[in-house]
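Presented below is the structure to which this report refers.
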Amino acid sequence: MAQTIREALAHRNGKEATSDGQRVKYLNTVEAYDKWAEVYDTDGNFLQALDTIEMKSLLPRFLALVQAQAQAKAEIESGNHQPSLKLVDLGCGTGRNTLQLAKSAPKDARIMGLDASPSMLGVAKETLREQLGIVDGDKVTLDVYDLLAPSESGLGLGSLSEPLRAQLGDGASGLISTLVLEHIPDDKFFEGAARLIKPGGYFLVTNMHAEMGAISQAGFVDVKTGMKIRPTSYAHKVEDVMAAAERVGFEVVALDEGGQRVRERSVDEAMVEGLGERAKKWVGVTVWFGLCFRMRVD
């Protein structure tokens, strides 16, 4: 079984506390994010800010790949008519990138935001309603999907509701998942993703870098108790992520026209102002990476 960051840090430091001595309370990931939902978008999470910056270039590239694949398949099967896309934000949280998908994707695309935390989905629903005017309509739907919940097969690959099964049909044209993999063993993450995507579909993944995970992990201060709360987290190395994806049928594709396969980002002094005060302690540390995969076609 993969070692959690909590286990690694406790073994190394001999204690469970933050660097300034603040005691930490560990909760299962869903419970932690249910509590975090209230302040998730306002607590100065610099990694989320960095991810938002990177997604400004990654998301258009992802959508271009998905649309090109759909068009090529349509031309082979039924002439020039391109079917509407089905796009999934896996671990959508408060809807930060679900909203961007809805704004950037073709008008007839179906967007599905999935998360294991009902409270995070509640925030996402309100955000999307304010920005788009409608949720759970023809454009965007939200649903619970827990990558760690037992499936009907008993393999622990996540649970799919009947409405979600109906919406997905033969699978999503593309998936995105941003800053989610940290909380799931890599094999389970990609096994669960593979259940959602069709052959030839693209999967854009961003995550906390293992160099950051060797020092700390995701967490927040509970405004009610003042306690530092941390969910379960893992420090996944890029090479291990790529290997886990390959085992279930994904292959790495280029992130840009230059052929870059892996994008990694470290924090430097010039970035701190844009990322927020909490980025200062991470100057010189590689904190983020991004990859894009394609599900192989047999």
Side-chain angles (χ1 to χ4, degrees), residues 2-13 17-20 24 29 36 40 43-62 90-91 93 96-97 176-187 189-190 193 203-220 228 230-246 250-293:
Q3 185 181 51
T4 65
I5 293 177
R6 174 188 182 182
E7 292 166 340
L9 293 178
H11 176 75
R12 186 182 311 136
N13 302 328
T18 62
S19 58
D20 61 2
V24 177
T29 298
W36 200 350
Y40 188 77
D43 72 347
N45 185 333
F46 87 92
L47 195 60
Q48 179 175 297
L50 175 59
D51 190 76
T52 296
I53 292 170
E54 295 297 332
M55 287 296 286
K56 289 180 181 179
S57 61
L58 291 178
L59 191 59
R61 168 66 173 173
F62 163 78
L90 179 58
R96 173 173 58 99
N97 284 313
I176 65 170
S177 188
T178 58
L179 307 183
V180 175
L181 173 57
E182 171 190 345
H183 302 298
I184 311 291
D186 51 15
D187 280 329
F189 177 81
F190 285 104
F203 186 19
L204 176 61
V205 178
T206 71
N207 196 51
M208 177 192 71
H209 198 279
E211 189 173 320
M212 181 178 178
I215 302 170
S216 188
Q217 66 172 92
F220 69 102
K228 186 78 172 186
R230 295 200 189 279
T232 302
S233 292
Y234 302 86
H236 296 303
K237 296 179 179 179
V238 172
E239 58 267 30
D240 292 338
V241 170
M242 294 170 69
E246 184 177 355
F250 288 105
E251 55 191 4
V252 180
V253 299
L255 288 167
D256 55 36
E257 296 295 339
Q260 181 187 43
R261 286 161 52 90
V262 182
R263 183 180 294 185
E264 297 174 301
R265 290 290 183 260
S266 302
V267 178
D268 61 39
E269 293 284 357
M271 298 166 64
V272 171
E273 183 176 356
L275 296 180
E277 184 71 19
R278 288 170 56 186
K280 281 186 178 179
K281 66 176 286 188
W282 298 102
V283 171
V285 178
T286 306
V287 297
W288 176 99
F289 71 87
L291 292 158
C292 190
F293 303 93

(Q) Run Val285 and Ile215 through side-chain contact (heavy atoms from CB on, under 4.5 Å) and show every step you take. (A) CA-CA 10 Å; Val285 178; Ile215 302 170; 4.3 Å; yes
Q.
Quick check for you: to the nearest 0.5 Å, what is the distance between Met242 atom CE and Glu251 atom CD?
A. 11.5 Å
Q. Between Leu50 and Met271, does a side-chain contact (heavy atoms from CB on, under 4.5 Å) hold up when you go through it step by step?
A. CA-CA 9 Å; Leu50 175 59; Met271 298 166 64; 3.9 Å; yes
Q | Under the side chain to side chain donor-acceptor pair (under 3.5 Å) test, residues paired with Ser266 that sit two or more places apart | A | Thr286
Q. Are Phe293 and Leu204 close enough that some pair of their side-chain heavy atoms sits under 4.5 Å apart?
A. no
Q) Which atoms form the tightest heavy-atom contact between Ser216 and Leu9, and what is the distance? A) CA-CD1, 4.1 Å
Q) Which heavy atom in Leu255 sits nearest to a heavy atom in Leu58, and how many Å separate them? A) CD2-CD2, 3.8 Å
Q | Residues Lys280 and Glu269 bridged, charged N to O under 4.0 Å | A | no
Q.
Using side-chain contact (heavy atoms from CB on, under 4.5 Å), reason through Ile176 and Phe203 one step at a time and then give a plain yes or no.
A. CA-CA 6 Å; Ile176 65 170; Phe203 186 19; 6.0 Å; no
Q. Got a sec, which residues hit salt bridge (charged side-chain N to carboxylate O under 4.0 Å, His left out) with Arg261, two or more places apart in sequence or on another chain?
A. none
Q: Kindly indicate whether the side chain of Leu181, heavy atoms from C-beta on, has any atom under 4.5 Å from the side chain of Met208.
A: no
Q.
Using every non-hydrogen atom in the two residues, find where Pro231 and His183 come nearest and quote the distance to one decimal.
A. CG-CE1, 3.5 Å
Q: Drop me the distance from Met55's CE to Arg96's CZ, to the nearest 0.5 angstrom.
A: 7.5 Å
(Q) Once you measure the plane-to-plane angle for Phe46 and Trp282, does it fall in the parallel (<30°), tilted (30-60°) or perpendicular (>60°) bin? (A) parallel
Q. Is it true that a side-chain atom of His236 and a backbone atom of Gly213 form a donor plus acceptor pair closer than 3.5 Å?
A. no
Q: Output the distance between atom CD1 (Ile5) and atom CD (Glu182), rounded to the nearest 0.5 Å.
A: 5.0 Å
(Q) I need the minimum non-hydrogen distance between Val238 and Glu264, along with the two atoms involved. (A) CG2-OE2, 3.9 Å
Q) Which distance, rounded to the nearest 0.5 Å, do you find between the OG1 of Thr52 and the CG of Asn97? A) 6.0 Å
(Q) Return the CZ to OG distance between Arg6 and Ser233, rounded to the nearest 0.5 Å. (A) 11.5 Å
Q | With Trp288, the side chain to side chain contact (heavy atoms under 4.5 Å, CB included) member among Asn207, Leu179, Ile53, Thr178 | A | Leu179
Q. Hey, does the side chain of Ser177 reach the backbone of Val180 with a donor-acceptor pair shorter than 3.5 angstrom?
A. no
Q) Looking only at heavy atoms, which two atoms of Ala8 and Gln3 are closest? And how far apart? A) CB-OE1, 3.6 Å
Q: Measure the spacing between CG of Leu90 and CZ of Phe189 and express it to the nearest 0.5 Å.
A: 5.5 Å
Q. Between the side chains of Arg265 and Thr206, does any donor sit under 3.5 Å from an acceptor?
A. no
Q. Hey, does the side chain of Asp256 reach the backbone of Gly259 with a donor-acceptor pair shorter than 3.5 angstrom?
A. yes
Q: Kindly indicate, with the supporting measurements, whether the criterion side-chain contact (heavy atoms from CB on, under 4.5 Å) is fulfilled by Cys292 and Arg263.
A: CA-CA 10 Å; Cys292 190; Arg263 183 180 294 185; over 6 Å; no
(Q) Between Lys56 and Glu54, is there a side-chain heavy-atom distance shorter than 4.5 Å? (A) no
Q. For the residue pair Tyr40 and Trp36, does the interplanar ring angle fall in the parallel (under 30°), tilted (30 to 60°) or perpendicular (over 60°) class?
A. perpendicular
